[in-house]
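A short worksheet on the structure shown next.
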Protein chains: 2
Amino acid sequence: MAKNSDNEKAITIYDIAKEAGVSPSTVSRVLTNSVNVRPEKRERIEALIEKYNFRPNAMAKGLSDTRSRVLGVLMADIRNPFYSAVYVACENAALARGYRVILSCTLGETEREIEQLDIMKQQRVESIIQIGGRVDAVITDSSYIKKAKEISAQLPIITSGKIDEVSCYRVVIDANEAIRLLTEHLIGLGHERIALVGGRLDVISTYEKYMTYCRILKEHGIPINKRYVYEGRYDYDAGYSGVQELFAMKEKPTAIIAINDFCAAGVIRKLIEDGYRVPEDVSVVSYDNTYITNLIFPKLTSIDYDYETFGKMLADTAIDVANGMSVPTFRTVTPRLVIRESSAARK
Amino acid sequence: MAKNSDNEKAITIYDIAKEAGVSPSTVSRVLTNSVNVRPEKRERIEALIEKYNFRPNAMAKGLSDTRSRVLGVLMADIRNPFYSAVYVACENAALARGYRVILSCTLGETEREIEQLDIMKQQRVESIIQIGGRVDAVITDSSYIKKAKEISAQLPIITSGKIDEVSCYRVVIDANEAIRLLTEHLIGLGHERIALVGGRLDVISTYEKYMTYCRILKEHGIPINKRYVYEGRYDYDAGYSGVQELFAMKEKPTAIIAINDFCAAGVIRKLIEDGYRVPEDVSVVSYDNTYITNLIFPKLTSIDYDYETFGKMLADTAIDVANGMSVPTFRTVTPRLVIRESSAARK
DNA sequence: TGCACATTTGAAATCGGTTTCAACAAATCA
DNA sequence: TGATTTGTTGAAACCGATTTCAAATGTGCA
């Protein structure tokens with residue numbers, strides 16, 4: 001049975017050295033493959049490593065290295081499919097460059113967030129990737145800002161969002177382009193009464209979207225109706241209640257831009273419950289292009305961010321900065337429209 | 001701007017000690033709060049810690065501690081909502097007991113899996129939690145088995161599945177109970193032509209479900225029709241093509257048990273495309289009770305595992321075993337039926 | 001004031017690797 | 001053959017914390 005306690009100490013290079021009749025330095029040289037070791041000794045050492053399944057203690061190694069080759073990834077909740085997609089892409093990119101990643105989910109608790117930043121510092125991560133930019137917890141808690149400021153003075157923070165008052169490298173989705181794609185897609189389909197559902201205007205990216213939405217409507221000579229903007233959270237319920245409110249109006253929207261796929265699912269649900277057909281009566285589109293888009297009925301038209309590229313850009317920035325390379329402090333990811341079944345020409 | 005290179009060395013207890021005019025030991029005593037330190041010195045030291053935002057190097061700490069207080073969690077893919085739910089629950093439970101967690105996704109690549117096991121060993125994790133039991137990669141790769149065997153000889157492995165030939169602690173969902181709940185639920189609704197869609201019978205838990213399904217049908221005097229069992233993967237497509245095949249038959253099923261929520265989404269999609277109504281014409285139920293159940297239309301009846309409890313059981317087992325406590329090598333989690341809209345009485 | 005005892009403290013060893021430096025051995029060259 | 005260069009090796013220092021041990025200091029009581 002799997003060993004159920006930590007009784008026997010782990011093998012060390014000293015043990016290997018003694019049994020092989022060489023010095024620890026020589027064992028280390030075999031491990032790091034740094035300089036020549038006489039073949040016969042090398043073989044003896046390798047045989048012992050194999051025999052005992054020896055693996056060098058990462059703490060000891062980390063102590064003598066100046067570099068940790070570890071990145072920290074901080075996010076609200078890995079259960080969110082957007083976050084998990086970015087995370088996996090980040091991890092892949094980091095691994096490809098010889099870095100490990102430590103993940104931390106804060107579940108929106110500021111205390112935990114602060115604590116985790118400290119832990120990452122103790123782990124001597126080379127940089128911290130913050131995914132989400134405090135989108136989920138809109139309240140910019142001052143104790144968090146203080147900690148983030150402190151940390152950012154000592155190691156680079158790369159974020160997909162923005163942290164108030166904290167200077168960091170930003171790899172950001174081009175929100176203007178995203179909303180432009182959606183709005184023009186809908187306008188192209190003949191829609192004019194286009195509603196925005198979910199998201200809060202005090203969150204930067206959401207506000208940017210709103211502004212661009214207004215600009216584009218104006219460009220097309222479509223009047224802006226503030227009542228077509230339903231603020232709310234970033235979830236299913238926001239979509240559901242958004243429809244409830246919007247469709248109580250006389251001039252009902254013919255198209256809805258939901259703030260993400262969850263929200264869109266709520267939107268569609270409520271529409272169907274109320275007897276509307278999607279997309280025949282109402283078109284619904286959203287952001288994120290998570291796998292949810294393919295699960296629901298009808299399949300969702302959504303904005304894709306190319307997670308592989310996005311995650312890679314985050315990880316590469318983190319690693320480049322840690323290696324002292326000069327890196328732009330602001331980079332954008334260009335979104336792409338994926339048309340599926342939920343949007344169609346206006347009747 | 002965030003420091004863009006690792007030029008200045010980090011502060012150490014020696015720096016603090018020198019500036020405070022005490023020995024490093026005293027600084028360490030303040031950090032660990034182990035013994036008394038004269039209040040005036042303690043204050044001076046604490047002030048310096050604050051001043052420099054000093055955080056002790058985790059490597060150095062880890063080197064002198066015999067215990068790492070770290071668990072490793074290995075899984076196929078964190079993007080799977082089932083896995084991410086279990087992961088978060090695990091992490092919460094571990095954190096509550098003062099343990100950190102390192103996550104590793106193998107994305108089904110055996111090579112990566114083996115590599116990550118080694119990394120965890122190097123990190124001196126106290127035990128390894130394997131979520132998924134190689135369900136996703138049915139092929140039990142011999143090189144993986146070999147590595148897992150080697151590892152399990154040195155540190156405890158806790159799994160939610162099963163690893164061939166490798167002895168480990170198992171915390172397993174009671175598959176028999178799960179299928180019993182679903183089958184009896186459907187029979188209670190008057191269904192007799194109940195199909196199984198998705199999953200492969202060479203995966204233990206799937207096979208167990210099949211066997212119990214047969215037993216229960218027999219108990220109720222319902223004839224077993226092997227053609228109602230559609231083997232496939234654990235995804236949307238399996239559900240989709242399952243319906244395609246099953247509904248080409250003359251005696252069409254009136255109820256479907258999908259192997260998980262993804263699969264159920266595919267099932268429902270194809271049913272609707274083909275003009276069936278759910279649940280009026282066909283009832284659909286599944287396992288896992290992920291948030292997908294609430295996103296799709298109709299909302300899915302599914303089997304819940306109480307992720308908090310499940311994750312906690314995994315983490316607690318891992319920690320208890322690491323602490324030499326005697327722990328049962330087999331524990332089960334009792335599933336619970338959550339009835340939603342997708343199942344109804346047979347017409 | 002002096003002795004016994006408790007509290008605080010620093011020096012040094014330790015954890016397990018890597019790396020520098022100097023010594024030694026082998027190979028090359030004159 | 002002897003001098004020079006190159007290749008291997010081990011001893012010891014180092015990374016940054018914790019911990020043991022013994023010394024130094026402080027306190028209580030006669």
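Just so it is clear, the structure is predicted and the values come from calculations on it, not from any experiment. Chain identifiers are assigned alphabetically (A, B, ...) following the order of the sequence lines, protein sequences preceding nucleic acid strands; residue numbering begins at 1 within each chain.
- Closest approach to the R29(B) side chain among dT20(D), dG16(C), dA17(D) is made by dT20(D) (side chain taken as heavy atoms from C-beta onward).
- Closest to the P56(B) side chain, of the nucleotides dA17(D), dT7(C), dT18(C), is dA17(D).
- Atom-to-atom, NZ of K61(A) to P of dG16(C) comes out at 15 Å; the value is rounded to the nearest Å.
- OP1 or OP2 of dT7(C) has not a single side-chain nitrogen or oxygen of N36(B) nearer than 4.0 Å.
- Atom CZ of R67(A) and atom P of dT19(C) are 13 Å apart (whole Å).
- With the nearest nucleotide of DNA chain D identified for both Y14(A) and T26(A), T26(A) has the one nearer the 5' end.
- One can place CD of E40(A) at 17 Å from P of dG7(D), the figure rounded to the nearest angstrom.
- Residues V73(A) and S104(A) fail the side-chain proximity criterion, which asks for heavy atoms closer than 4.5 Å.
- Residue K41(A) places at least one side-chain N or O closer than 4.0 Å to OP1 or OP2 of dT9(D).
- Distances were taken from every side-chain heavy atom of R38(A) (C-beta onward) to each of dG10(C), dA17(D), dT9(D); the shortest belongs to dT9(D).
- N33(B) places its CG atom 17 Å from the P atom of dA17(D), with the value rounded to the nearest Å.
- Spacing between atom CZ of R42(A) and atom C1' of dT9(D) amounts to 14 Å, rounded to whole angstrom units.
- Residue V22(B) is in sugar-phosphate contact alone, with no base atom involved, counting any heavy-atom pair closer than 4.0 Å across all strands shown.
- Counting non-hydrogen atoms under 4.0 angstrom, S28(B) reaches a base of the nucleic acid.
- Across all strands, V37(B) comes closer than 4.0 Å only to sugar-phosphate atoms, never to a base (heavy-atom distances).
- Atom CD of E111(B) has 12 or fewer heavy atoms from other residues, nucleotides or ligands within 6.0 Å.
- With rounding to whole Å, L31(B) atom CG is found 6 Å from dT18(D) atom P.
- Atom C1' of nucleotide dT18(D) and atom CG of L63(B) are separated by 10 Å, given to the nearest angstrom.
- Residues E113(B) and L74(B) form a side-chain contact, since some pair of their non-hydrogen atoms from C-beta on lies under 4.5 Å apart.
- Nearest nucleotide to the V35(B) side chain, out of dT9(C), dA11(D), dT18(C): dT9(C).
- When the C1' atom of dC14(D) is taken as reference, atom CG of D65(A) falls 13 Å away, rounded to whole Å.
- Across all strands, I11(A) comes closer than 4.0 Å only to sugar-phosphate atoms, never to a base (heavy-atom distances).
- Side chains of E91(B) and C105(A) form a contact here, defined as non-hydrogen atoms less than 4.5 Å apart.
- Ring pair F82(B)/Y307(B) is perpendicular by interplanar angle, where above 60° counts as perpendicular and below 30° as parallel.
- Between S23(A) and dG10(D) there is a side-chain polar atom (N or O) within less than 4.0 angstrom of OP1 or OP2.
- At a threshold of 4.0 angstrom between heavy atoms, the contacts of S25(B) include nucleobase atoms, whether or not backbone atoms are also involved.
- At the heavy-atom level, T32(B) lies under 4.0 Å from the strands shown only through sugar-phosphate atoms.
- Using a 4.5 Å cut-off on side-chain heavy atoms (C-beta onward), K312(B) and N92(B) make no contact.
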